[in-house]
Amino acid sequence: MKKCSFRRAASLLVAAALALGLAGCGKSPHPADSSASSQAVQSTPDVQPQAAGEYRAMWVSYLEWGSFDFSGEDAFTAQVQTLMQNCLSLGCTTVIAQVRPFADALYPSALFPWSHVLSGAQGTDPGFDPLAVLVREAHACGLQLEAWLNPYRVALNAATPGSFAENSLLYTHPDWVKANGEGYYLNPALPQVRDYICEGVAEIVQNYDVDGIHYDDYFYPTTDPAFDSQDYADANTALSLEDWRRENVNALVSETYRTIKSIRPACRFGISPQGNNSNNYNGQFSDVALWLQTPGYVDYVMPQVYWGYGYTTKGGSTDYAFENVTRTWAAMPRDASVSLYFGLGAYRIGDGDGGNYDHNTDQWNTGHELADMVGTLREAGAQGYALYRYDFLFKNGAYPALAEAECAALAEVNR
């Protein structure tokens, strides 16, 4: 099949399925006024959010912060203004900024030490409040700002964050922390851990005018029964280990939702699970289907659908091809109060998605793959999307021309 015909066929398949799954379901957040200011770095034409309130977000992770200047508020502010204007140039309505990556914070916290991404050493005060700058500068140019948190992770490995502040939970509450390989994680089984995480959420929602709280896809770090065998035995439950773990995660998600709504009901809460929902359920112990169809867990779910049109596994499955996986998610039962967005993989630009099919790389070298996906979702009535992540569009040293072309195509579809 010719590529143009293949792409059109895929688009029609998604449109037919998503229109049934998405049309009329829930309300998306009210769009911010995202007209670009004269400070915009990109020279693309002004772009506006759609009147229907399409959610268009950019993920900015702790990896992005590594190239930012935290030596002073003025230097950081200037770089944040550039970031915001770049997001505006694409027509984004929302920036999802990671502000608690490793049980540490990009804001003054009574509960967590200063993040290592600010200075290279966890616990070092930068002398200003980066989250306050992010909220201020986002709102100044009409963008919304969601605070992205990793709820359980204390350390990814021996190098990240590397060292720990004296007030790290690794030292102040070692009984709450479990090791998994070189990583450390808060124990999802403990009610006091859930309460503490939610106190941290409350601290942000009370002190900052954030538009949302965002959790990523990391919940349980392992399927190994040894990780929490004693906790499971102590629970003396009739549930299987797997169901018990899912109940622990559900308890955190519902408590987070209640915490946010008790402080500021308009502040939304969303989660971006893996695009492979079997992995969520059996590997992360995240019952996303429950969250989608039951009020009181989340305001939105945004699965990470980072595969191209026609994606095929080594075993020959096309379940995760863009046109198929989006249809699968759209078909899942969903309460009217819960929105469904899709996360798109900007990091695939140039490199491809590694699939076992002919177009696993070339479709990611067109300069308009992400825009094509947005168009497909939009034709189907999808409520929005997010791009993972900022550096692959605006600081892409490997494929600068492709990234620039993708940005131009995204701006065009958002005109």
Single hit among His214, Gln304, Glu146 for side-chain hydrogen bond (donor to acceptor under 3.5 Å, both in side chains) with Trp59:
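When side-chain hydrogen bond (donor to acceptor under 3.5 Å, both in side chains) is applied between Trp59 and each of His214, Gln304, Glu146, only His214 qualifies.
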Atom [atom1] of [X] and atom [atom2] of [Y]: how far apart are they, to the nearest 0.5 Å?
| X | Y | atom1 | atom2 | answer |
| --- | --- | --- | --- | --- |
| Leu410 | His368 | CG | NE2 | 11.5 Å |
| Cys92 | Asn414 | SG | CG | 7.5 Å |
| Glu323 | Thr326 | CD | OG1 | 7.0 Å |
| Thr82 | Phe394 | OG1 | CZ | 11.0 Å |
| Phe70 | Trp114 | CZ | CH2 | 10.0 Å |
| Asn86 | Leu83 | CG | CG | 7.0 Å |

As a test of understanding, state which of Phe269, Tyr300, Tyr297 forms a ring pair (Phe, Tyr, Trp, His ring centres under 6.0 Å) with Tyr215.
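Single ring pair (Phe, Tyr, Trp, His ring centres under 6.0 Å) partner of Tyr215 among Phe269, Tyr300, Tyr297: Phe269.
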Can [X] and [Y] be counted as having a side-chain donor-acceptor contact under 3.5 angstrom?
| X | Y | value |
| --- | --- | --- |
| Gln122 | Ser115 | no |
| Asp351 | Trp364 | no |
| Glu203 | Asn207 | no |
| Trp291 | Asn250 | yes |
| Tyr320 | Asn276 | yes |
| Asn365 | Asp362 | no |
| Arg348 | Gln363 | no |
| Asp224 | Tyr220 | no |
| Asn180 | Arg153 | no |
| Tyr152 | Asn187 | no |
| Asp335 | Gln293 | no |

Can you tell if the side chain of [X] reaches within under 4.5 Å of the side chain of [Y], non-hydrogen atoms only?
| X | Y | answer |
| --- | --- | --- |
| Glu247 | Leu239 | yes |
| Leu90 | Cys407 | yes |
| Ile271 | Val288 | no |
| Arg268 | Tyr257 | no |
| Asn396 | Glu404 | no |
| Asn282 | Glu242 | no |

For Tyr218, is the OH atom crowded, meaning more than 12 foreign heavy atoms sit under 6.0 Å from it?
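No, not enclosed.
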Where do Tyr306 and Tyr347 land on the ring-ring contact (aromatic ring centres under 6.0 Å, His included) test, with the steps shown first?
CA-CA 9 Å; Tyr306 294 161; Tyr347 74 100; 5.4 Å; yes
Taking 4.0 angstrom as the limit, do Arg245 and Asp231 come out as a salt bridge?
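Looking at Arg245 and Asp231, the cut-off is not met.
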Between Arg136 and Asp209, does any side-chain N to carboxylate O distance fall below 4.0 Å?
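Salt bridge flag = no for Asp209 with Arg136.
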Using every non-hydrogen atom in the two residues, find where [X] and [Y] come nearest and quote the distance to one decimal.
| X | Y | value |
| --- | --- | --- |
| Ala235 | Trp244 | CB-NE1, 3.5 Å |
| Asn324 | Thr318 | ND2-O, 2.7 Å |
| Asp217 | Ser272 | CB-O, 3.2 Å |
| Pro161 | His116 | CB-ND1, 3.3 Å |
| Met84 | Val95 | SD-CG2, 3.8 Å |
| Pro108 | Tyr208 | CD-OH, 3.5 Å |

So among Leu170, Asn150, Val177, which one has a side-chain contact (heavy atoms from CB on, under 4.5 Å) with Leu186?
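Exactly one pass, corresponding to Val177.
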Fit a plane to each ring of Phe76 and Phe128, take the angle between them on a 0 to 90° scale, and name the class: parallel (under 30°), tilted (30 to 60°) or perpendicular (over 60°).
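Phe76 vs Phe128 ring planes: tilted.
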Partners of Tyr62 by side chain to side chain donor-acceptor pair (under 3.5 Å), sequence neighbours excluded?
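Per chain and number, Tyr62 pairs via side chain to side chain donor-acceptor pair (under 3.5 Å) with no residue.
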By side chain to side chain donor-acceptor pair (under 3.5 Å), which residues pair with Asp391, not counting sequence neighbours?
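Here no residue qualifies.
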Backbone of [Y] reached by a side-chain donor or acceptor of [X] within 3.5 Å:
| X | Y | value |
| --- | --- | --- |
| Glu64 | Val60 | no |
| Arg389 | Met58 | no |
| Arg378 | Ala382 | no |

Are Tyr385 and Phe342 an aromatic pair, judged by ring center distance below 6.0 Å?
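Not close enough - the centres of the two rings lie 6.0 Å or further apart.
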ring-ring contact (aromatic ring centres under 6.0 Å, His included), that's the test. Do Phe112 and Tyr196 meet it? Break it down for me.
CA-CA 10 Å; Phe112 301 95; Tyr196 199 88; 5.5 Å; yes
